[in-house]
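These numbers come from the heavy atoms of this one structure, side chains and all, not from hydrogens, waters or symmetry mates.
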Amino acid sequence: MLQCCCRCQLRPEACGALAPRLNYSAVIRSVPNVSRTRARTVVRATQESDPGANLARDFSKFVNEKGAPPPLHNRRPSHLLPPTAAIAAQLNALQLNDWPDRSAGIQTAFLFSKPYGCEEMVTGPPLPSHARSWHGKEEWLSLEEFTSMLQSQDYKPLINCESWQATSPMVFPSTRVGTKAVQAIEVTSQPSAGITNAKRSHTFTFCLEHVTQGPYKGCWMTVGLRVGDYANV
């Protein structure tokens with residue numbers, strides 16, 4: 001029969017005095033980080049159960065694979081943007097017209113169109129009430145009227161187009177002042193549903209104006225978009 005320890009009156013193999021000393025640091029290191037593992041599990045479960053997270057992930061993957069530029073760049077005019085960047089901002093937005101919201105591309109084009117009375121404004125409103133028509137005449141349109149204009153037969157190829165490219169350098173017709181600029185672009189439109197024709201190319205010429213005073217001072221704004229090439233003449 002086993003004898004008890006004189007110190008604690010326990011069986012010798014159970015006595016703390018006789019038991020081997022434990023390496024507590026090794027024991028602590030061997031315990032898994034339960035909170036970190038649980039957090040990773042929660043994040044993974046949230047991603048799997050949230051279709052919105054999956055949609056955002058899939059869209060980012062699509063953009064990266066296609067090499068498309070981020071669609072949210074330069075959504076508003078800025079004095080830091082040269083005329084080429086102002087044109088690119090509008091065409092990139094129209095190419096992804098319904099991202100992130102319906103007709104978001106058209107609204108971007110509206111914001112880059114010269115606002116009515118912008119030289120006399122004290123501060124620029126978040127969304128101007130009226131902007132210059134792209135038909136090249138002194139006409140000012142509301143956002144609703146501007147949307148109807150872009151959805152017309154002349155400008156419809158711009159919306160959700162397959163691709164676009166500049167076909168001329170930026171031309172400054174008035175070299176003395178330098179407040180006017182034009183550039184020709186070529187747009188490849190998506191084939192229409194139910195029509196067997198291949199993709200079509202369309203040529204336009206952007207007409208820009210450099211605002212010299214007011215809250216839009218220094219911004220290049222669109223004052224017209226002519227069908228055809230008027231820059232290489």
Side-chain angles (χ1 to χ4, degrees), residues 59 62-63 66-78 81-116 127-128 130-171 180-195 197-209 219-233:
F59 180 80
F62 170 79
V63 169
K66 295 294 184 180
L72 289 179
H73 276 203
N74 302 330
R75 285 283 187 168
R76 300 186 69 88
S78 167
L81 296 179
T84 51
I87 292 175
Q90 297 172 77
L91 291 173
N92 288 338
L94 290 170
Q95 191 174 8
L96 297 171
N97 183 53
D98 293 321
W99 198 93
D101 303 307
R102 185 174 178 82
S103 297
I106 293 178
Q107 179 167 313
T108 297
F110 181 78
L111 289 173
F112 272 90
S113 299
K114 185 178 180 181
Y116 176 75
L127 185 67
H130 290 76
R132 180 74 175 263
S133 167
W134 282 11
H135 286 304
K137 52 186 177 181
E138 197 76 15
E139 183 180 10
W140 306 93
L141 308 178
S142 65
L143 177 58
E144 182 178 356
E145 294 168 333
F146 189 87
T147 300
S148 298
M149 178 196 69
L150 275 183
Q151 291 174 342
S152 66
Q153 196 64 30
D154 287 345
Y155 300 128
K156 196 171 183 180
L158 296 166
I159 299 177
N160 297 317
C161 62
E162 175 73 17
S163 62
W164 69 271
Q165 63 177 348
T167 56
S168 81
M170 187 64 64
V171 179
K180 309 286 185 183
V182 296
Q183 185 176 39
I185 55 103
E186 183 180 74
V187 170
T188 302
S189 62
Q190 296 276 10
S192 301
I195 299 178
N197 292 340
K199 302 169 185 176
R200 295 183 56 191
S201 296
H202 308 264
T203 303
F204 300 90
T205 300
F206 266 91
C207 304
L208 305 181
E209 184 176 314
C219 296
W220 285 96
M221 313 294 291
T222 302
V223 293
L225 183 64
R226 303 181 67 180
V227 178
D229 185 348
Y230 292 90
N232 290 304
V233 293

I need the [X] [atom1] to [Y] [atom2] distance, nearest 0.5 Å.
X	Y	atom1	atom2	answer
Leu150	Ile159	CG	CD1	5.5 Å
Arg200	Glu162	CZ	CD	15.0 Å
Arg226	Thr203	CZ	OG1	13.5 Å
Glu186	Ser201	CD	OG	4.0 Å
Ile87	Leu225	CD1	CG	9.0 Å

Any side-chain to backbone donor/acceptor pair from [X] onto [Y]? Under 3.5 Å, distance only.
X	Y	answer
Asn160	Asn97	yes
Asn232	Thr167	yes
Ser103	Ile106	no
Arg132	Lys137	yes
Ser168	Ala184	yes
Gln90	Ala86	yes

### Message
Could you go through Phe206 and Thr222, starting from their C-alpha distance and side-chain angles, then the distance that decides it, and tell me whether this counts as side-chain contact (heavy atoms from CB on, under 4.5 Å)?
### Response
CA-CA 7 Å; Phe206 266 91; Thr222 302; 4.0 Å; yes
### Atom of Gln95, atom of Ser163 and distance for their closest heavy-atom approach
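That would be NE2-CA, 3.7 Å.
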### Task
Would you name the heavy atoms of Ala109 and Ser113 that are closest together and state the gap between them?
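Scanning both residues, the minimum pair turns out to be O-OG, 2.9 Å.
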### Query
Which of these passes side chain to side chain contact (heavy atoms under 4.5 Å, CB included) with Ser133: Glu139, Glu138, Lys114?
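Of Glu139, Glu138, Lys114, side chain to side chain contact (heavy atoms under 4.5 Å, CB included) with Ser133 is met by Glu139 alone.
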Is any side-chain heavy atom of [X] less than 4.5 Å from a side-chain heavy atom of [Y]?
X	Y	answer
Leu143	Leu127	yes
Leu111	Pro77	yes
Lys156	Gln151	no
Met149	Leu141	yes
Thr188	Gln165	no
Ser189	His202	yes

### Task
Report the C-alpha distance between Leu158 and Phe204 in whole Å, list the side-chain angles of each, state the deciding distance to 0.1 Å, and finish with yes or no for side-chain contact (heavy atoms from CB on, under 4.5 Å).
CA-CA 10 Å; Leu158 296 166; Phe204 300 90; 4.0 Å; yes
### Derivation of the side-chain contact (heavy atoms from CB on, under 4.5 Å) call for Trp164 and Asn92
CA-CA 9 Å; Trp164 69 271; Asn92 288 338; 3.1 Å; yes
### Query
Is the closest side-chain donor-acceptor distance between Gln183 and Thr205 under 3.5 Å?
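No, because no side-chain N or O of Gln183 sits under 3.5 Å from a partner of the opposite role on Thr205.
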### Query
With a 3.5 Å cut-off and no angle check, do the side chains of Thr108 and Arg75 form a donor-acceptor pair?
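A donor-acceptor contact under 3.5 Å links the two side chains.
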### Task
Measure up the Tyr155 and Trp134 rings against each other and bin them: parallel (under 30°), tilted (30 to 60°), perpendicular (over 60°).
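If you compare the ring of Tyr155 with that of Trp134, the planes turn out perpendicular.
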### Task
State whether Glu209 and Lys180 are salt-bridged, where the test is any N-O pair (Lys NZ or Arg NE/NH1/NH2 against Asp/Glu carboxylate O) under 4.0 Å.
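Salt bridge between Glu209 and Lys180, a charged N being under 4.0 Å from a carboxylate O: yes.
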### Message
Name the residue from Phe110, Trp140, Phe146 that meets the ring pair (Phe, Tyr, Trp, His ring centres under 6.0 Å) definition with Tyr116.
### Response
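So the option named by the test is Trp140.
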